[in-house]
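What you see is a predicted model, and the numbers here were worked out from it, not measured in a lab.
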Amino acid sequence: MLVFACSALGQQKASVRFVKDKVSALPGEVVNLAYHVDNFSADTLDILPSFLYPEAWSLVTNIQQIKIAPGQKKLGIVSLKIFYESAVGEYPVTVRLKERGETQLAQSGIGISVLEVENITLELIDKPIYVSAGDKISASYMLQNLGNTEKNIFINTNNCDVSGPSSVTLKPGESAQVQIVKTTSDEIFQSKNESFTVRALVDERVLKSIYSTAVVLPSKKARKDLYYRFPVKMAATYLSTNRQNEFESVLQYQVDGRGSLDPEGKHQLGFMARWPDNSDLSFLGLYDQYFLTYSNDNLEVFLGDKSYTVTPLTESFRYGRGAEGKLTLNNGLGVGFKYLKPRFFEEIESELAVSAGFNFNRNNKIELHYLSKKYQLENDPAQLFSLTSLFTPFKHTSVDVEVSHGQFVGKKSNAVRAGLNSRFSIFQLTGVYYDTGKDYPGYYTNSRFYSAGVSADISERISLFASAREDFRNAQLDTFFVTAPYSRSLQGTVSYRTGERSNLKLYWREYERKDRLSLNKFHYQTNSWNLQFNHRFKKIDYYLSGEVGETTNFLENAGQQDQKSYRASADVTYRFNSRHSVRVFGNWSNINQIVSDDRRSVLVGMAATSRISKNLRMNFYLQNAYDIDDYYRNRNLMQFNVDYSFLRRHSISLRSFYTIFRNQVNDPEFTMAATYAYRLGVPLKQVISAGKVVGRISDREGNPVEGIYLRILNETTVSNKNGEFEFRLVTPGKQLLIIDKSKLDVDEIPSIPMPLEMEVLDNEESVVNISIQKGARLSGKLILGQSQLAALDNKAAKPANVVVELKTDFETFRLTSDGEGNFSFPLVRPGGVELRIYANTVPAGYRPKQTVYTYHLEPGEQKFAEITLESSKKEIIFKSAGKSIAVKNNLTPVVINKRTLKEPSEQEIFYSIQIGAFRKALRKDSKFLKDQSFYFEKQIDNLHKYFIGRFTNYEDAEKELEKLKSEYASPFIVVVKDGNVMSVSEFESGEAQ
């Protein structure tokens with residue numbers, strides 16, 4: 001083997017291998033690959049490496065020949081740029097070694113992994129600015145995949161719907177158009193903004209979201225309502241049921257209103273009258289109710305039927321007929337009273353309560369309450385005193401405390417209540433605790449209630465939660481209302497957010513439930529482990545849960561109480577779009593059968609919701625059974641509702657139910673209700689003074705122009721096919737009428753300047769007629785004239801930044817000329833105009849022949865004006881040395897600085913020093929020039945170059961250069977020959993030739 005290896009090595013003159021086996025990079029990056037070359041021969045090799053790589057990639061390195069001595073090893077590096085559209089995957093790269101000619105010595109390969117680049121873009125292409133009420137808003141978007149891997153993109157919308165499929169699959173470089181629609185109501189009587197949002201999602205991650213709006217214009221004429229109105233609703237309901245296989249029906253009426261008595265909202269009023277009492281018909285039959293309420297910033301008054309509350313300990317929830325009032329002063333002091341006769345709790349005859357309190361700072365208050373309860377069978381009332389307080393000791397911490405004392409029939413007892421809500425760091429604490437004495441005559445007696453929870457956000461994905469809760473045992477509950485089962489629970493939860501729209505929970509729970517109704521259908525305790533998962537995927541929301549544990553049925557005999565319990569449930573909702581959805585759900589559990597043999601273990605159902613139009617809505621609900629725990633309340637096995645509104649103020653509602661009523665376990669009843677409602681506004685005060693603005697838009701020939709949008713304040717309207725427009729309710733006074741020019745051609749202009757200020761008079765009609773015509777164009781050029789003495793012309797002067805003003809009968813426009821003296825007014829209202837040149841902005845040494853030019857422009861005319869700026873330099877007389885300068889006609893002679901150098905003439909050669917070059921010419925007072933007065937400037941290659949000095953020989957220029965190095969960064973010597981600037985080396989090479 002050793003001989004064979006040596007023989008093989010002797011036949012191979014050289015080898016090559018990459019340093020790394022694999023390399024990863026992103027598209028568009030430059031990757032550097034290192035490789036080793038070994039010479040195994042006894043000769044020096046001249047090797048030329050070559051590389052094979054994907055076609056679209058490019059070689060960055062300049063490949064050169066490698067000379068390598070016998071036994072020597074050399075390191076080489078090659079750089080490749082990966083094509084920016086390269087897809088995800090592994091691409092081979094090969095290096096080959098060749099000697100002189102075509103002899104291949106060795107080769108080696110490497111795989112380059114191109115990583116994923118995710119780049120999804122969503123851009124709004126087109127949407128309407130305005131639509132008429134009742135029309136659909138349609139907008140289009142461009143969706144592009146600029147990444148390097150195929151992506152399935154889900155289009156999620158809010159307040160609009162996608163036309164076509166909601167999912168799009170795009171390969172790298174592909175694009176697709178997305179269209180959305182949004183319906184608008186034709187019942188709009190004032191222009192309003194409608195908003196909608198479109199989002200692009202990949203794997204439940206929102207990559208791009210675009211929010212847009214469109215203005216919906218009323219398609220119907222608004223009624224002129226000058227009054228502030230109080231909203232009132234009148235309704236009549238027909239109720240029918242097959243109660244106990246007998247058909248019963250009844251009519252019930254209701255009048256109610258709630259709103260402000262003034263436009264400022266300082267005085268609030270509410271009232272309701274509902275009759276007759278139908279509470280014995282079915283659960284749809286409501287009891288009669290009457291009330292009147294008034295409130296302002298300092299006073300609250302209530303008369304009538306409702307659930308009254310004093311404090312959570314003394315009287316938490318008591319329905320009855322009575323009166324209530326509260327007065328709060330601006331300094332925080334407050335007093336109040338309550339009086340009521342309970343309706344559904346026959347043991348109490350009446351209650352009277354008074355209170356006083358003080359609010360200080362914010363979310364801090366303390367109150368003192370007294371309550372007297374008169375019982376039917378006792379002469380002496382129960383008396384309760386209570387002190388409540390709410391404090392916020394820290395920014396995110398609130399504490400609620402109540403201490404109460406009560407006495408009744410010679411017995412005294414106390415009660416306490418405390419609540420805490422605090423958030424700090426990663427923790428949040430919540431807790432409520434009630435403890436009432438054995439003889440405490442409040443809402444709770446001889447009872448204890450607690451509920452506490454603590455949560456901690458360990459990270460962005462993981463959170464922990466623990467809770468404990470126990471219900472009251474003895475409460476003075478109104479018999480008409482729901483009495484929930486007694487419950488007690490302990491729970492510990494770990495929550496993990498698996499994605500942006502998905503969550504997983506694992507928790508242990510121990511809970512006890514006991515029936516508090518007379519039937520006593522259940523009393524059990526369960527210890528279980530639970531797993532829950534909820535996920536929102538595209539158009540689907542689903543919820544899955546499972547429970548495994550052990551249940552003890554306390555209603556069974558000893559030895560038969562404990563059984564294994566299981567529960568599994570699923571809830572799936574599918575949203576077709578923003579208007580239609582369907583939901584299916586199911587639950588399987590053996591707990592029902594553990595606590596009651598005749599209960600079903602499988603519960604399934606479905607629900608559907610549909611908004612067929614803006615005025616018509618329907619929903620449907622169906623399920624086959626119920627949990628035994630829920631028999632204390634009404635349970636709907638079927639429900640079907642229809643709501644329809646019409647003519648703005650009218651509505652019809654249909655309700656149908658198939659219901660097992662509370663305290664019953666069988667014999668469901670079918671109930672139906674039909675309600676007609678009418679909404680009206682009672683005029684209280686005239687608050688609007690309004691005028692009317694009408695007009696017509698036409699072209700130059702008088703033909704109507706349709707589809708032009710106009711706006712006054714926040715109201716927008718559009719011209720119809722006759723060119724007419726109308727604003728019905730316009731606030732009197734000076735208003736601005738604005739035309740949206742987006743509907744005009746680029747060369748069109750209104751005959752009246754916009755915005756138009758107009759005076760709108762109360763209860764009067766203002767007429768505005770607008771003509772749309774072709775605009776004119778006025779452009780021109782400023783030219784610098786020449787002086788009679790050419791030597792005095794300023795070669796550096798340019799007609800730039802000269803202020804030019806255009807004035808019409810209505811408007812004035814100003815602009816400045818560009819570097820060549822050009823100016824342009826692209827859209828001018830036809831007619832007479834004045835063009836003014838501001839002389840103080842003309843370059844020094846020049847003046848306009850005249851400052852004002854008058855033109856008459858026709859519609860569509862394009863006029864060009866050429867304006868000459870004359871030289872205004874004074875004539876200078878030069879005389880020989882030693883002779884005086886004559887002063888003629890009292891003119892002051894011009895003194896020329898003796899050190900100023902004129903720009904070199906064409907026929908000469910000299911040396912100079914270039915000190916700088918700039919894109920724009922420097923001012924004479926520029927800091928760069930440092931008050932140098934013997935410089936000259938030449939414009940070469942679009943640069944303004946500056947030179948100092950004029951020397952006949954190189955030595956003098958070199959001496960000056962040394963001095964200038966201390967003042968300028970990089971000065972250097974140049975040669976000026978016949979007006980052309982060149983380097984010294986160029987000049988010397990030219991002379992040598």
Side-chain angles (χ1 to χ4, degrees), residues 126-133 135 190-191 214-219 221-222 691-730 734-761 764-780 805-815 823-835 854-865:
D126 181 55
K127 77 170 181 66
I129 300 176
Y130 305 99
V131 296
S132 296
D135 293 344
Q190 287 185 330
S191 60
V215 179
V216 181
L217 304 179
S219 59
K221 302 301 183 184
K692 186 177 181 181
V693 177
V694 298
R696 184 174 184 269
I697 300 178
S698 60
D699 59 18
R700 195 182 180 196
E701 286 74 29
N703 301 316
V705 180
E706 182 183 5
I708 302 299
Y709 295 103
L710 304 98
R711 188 173 76 250
I712 295 180
L713 296 174
N714 294 326
E715 285 300 308
T716 304
T717 189
V718 60
S719 60
N720 59 22
K721 62 181 180 180
N722 297 320
E724 298 168 346
F725 63 89
E726 180 181 51
F727 293 92
R728 287 221 168 206
L729 298 174
V730 182
K734 290 185 178 181
Q735 304 294 351
L736 293 179
L737 174 66
I738 302 172
I739 283 185
D740 184 354
K741 296 182 180 179
S742 64
K743 295 297 181 180
L744 302 179
D745 291 341
V746 292
D747 60 345
E748 288 183 334
I749 191 169
S751 59
I752 304 174
M754 291 291 150
L756 172 64
E757 185 177 78
M758 57 189 305
E759 186 75 24
V760 179
L761 301 178
E764 292 192 17
E765 185 176 273
S766 302
V767 181
V768 181
N769 292 321
I770 303 172
S771 174
I772 304 298
Q773 55 188 334
K774 295 289 184 182
R777 178 188 180 95
L778 176 61
S779 58
E805 179 185 88
L806 180 69
K807 189 175 182 180
T808 69
D809 292 338
F810 305 103
E811 304 155 296
T812 299
F813 306 98
R814 291 190 184 96
L815 51 76
F823 62 89
S824 177
F825 297 92
L827 193 62
V828 182
R829 193 165 282 103
V833 298
E834 286 186 357
L835 184 70
T854 303
Y855 306 99
H856 184 82
L857 303 178
E858 297 293 334
E861 181 181 0
Q862 297 191 10
K863 191 173 188 64
F864 185 84

From CD (Gln735) to CG (Leu756), nearest 0.5 Å:
11.5 Å
Quick check: closest heavy atoms across Met754 and Ile770, and the distance to 0.1 Å?
CE-CD1, 3.8 Å
What is the minimum heavy-atom distance between Arg696 and Asn703, and which atoms define it?
NH2-C, 4.2 Å
Would a 4.5 Å heavy-atom cut-off, applied to side chains only, mark Leu835 and Phe823 as touching?
yes
From CG (Leu217) to CD (Glu715), nearest 0.5 Å:
9.0 Å
Over all heavy atoms of both residues, which pair between Phe727 and Val730 is shortest? Give the atoms and the distance, please.
CB-CG2, 3.5 Å
Determine whether a donor-acceptor pair (N or O, by modelled atom type, separation under 3.5 Å) exists between the side chain of Ser719 and the backbone of Gly707.
yes
Give me the atom names and distance for the closest heavy-atom approach of Leu778 to Val828.
N-CG2, 4.4 Å
Working to the nearest 0.5 angstrom, can you tell me the gap between Arg814 CZ and Phe825 CZ?
10.0 Å
Are the side chains of Ile772 and Pro750 in touch, meaning some heavy atoms are under 4.5 Å apart?
yes
Tightest non-hydrogen contact, residues Pro826 and Ser824, listed as CD-O, 3.6 Å
Please test Tyr709 against Ile129 for side-chain contact (heavy atoms from CB on, under 4.5 Å), starting from the C-alpha separation and ending with a verdict.
CA-CA 10 Å; Tyr709 295 103; Ile129 300 176; over 6 Å; no
Would you give the length of the straight line joining atom CD of Gln862 to atom CZ of Arg777, rounded to the nearest 0.5 angstrom?
6.0 Å
Any side-chain heavy-atom pair from Glu861 and Pro830 closer than 4.5 angstrom?
no
Do Glu805 and Thr812 come within less than 4.5 Å of each other through their side chains, counting heavy atoms only?
yes
Hey, does the side chain of Thr808 reach the backbone of Glu811 with a donor-acceptor pair shorter than 3.5 angstrom?
yes
Between Ser766 and Met758, what is the shortest heavy-atom contact and its length?
CB-CE, 3.9 Å
Verify, without hydrogens or angle tests, whether Asn720 (side chain) and Asn722 (backbone) share a donor-acceptor contact under 3.5 angstrom.
yes
What is the distance from atom NZ of Lys734 to atom CD of Glu759, rounded to the nearest 0.5 Å?
6.5 Å
Neighbour count above 12 (heavy atom, 6.0 Å) for Arg711 CZ
no
Take Gln773 and Asp699 through the side-chain contact (heavy atoms from CB on, under 4.5 Å) test and state the conclusion after the steps.
CA-CA 6 Å; Gln773 55 188 334; Asp699 59 18; over 6 Å; no
Should we say atom NZ of Lys807 is surrounded by more than 12 heavy atoms from elsewhere, each under 6.0 Å from it?
no
CD1 (Ile697) and CD1 (Ile708) are apart, to the nearest 0.5 Å, by 5.5 Å
If we only count heavy atoms from C-beta on, is the Tyr130 to Thr716 side-chain gap below 4.5 Å?
yes
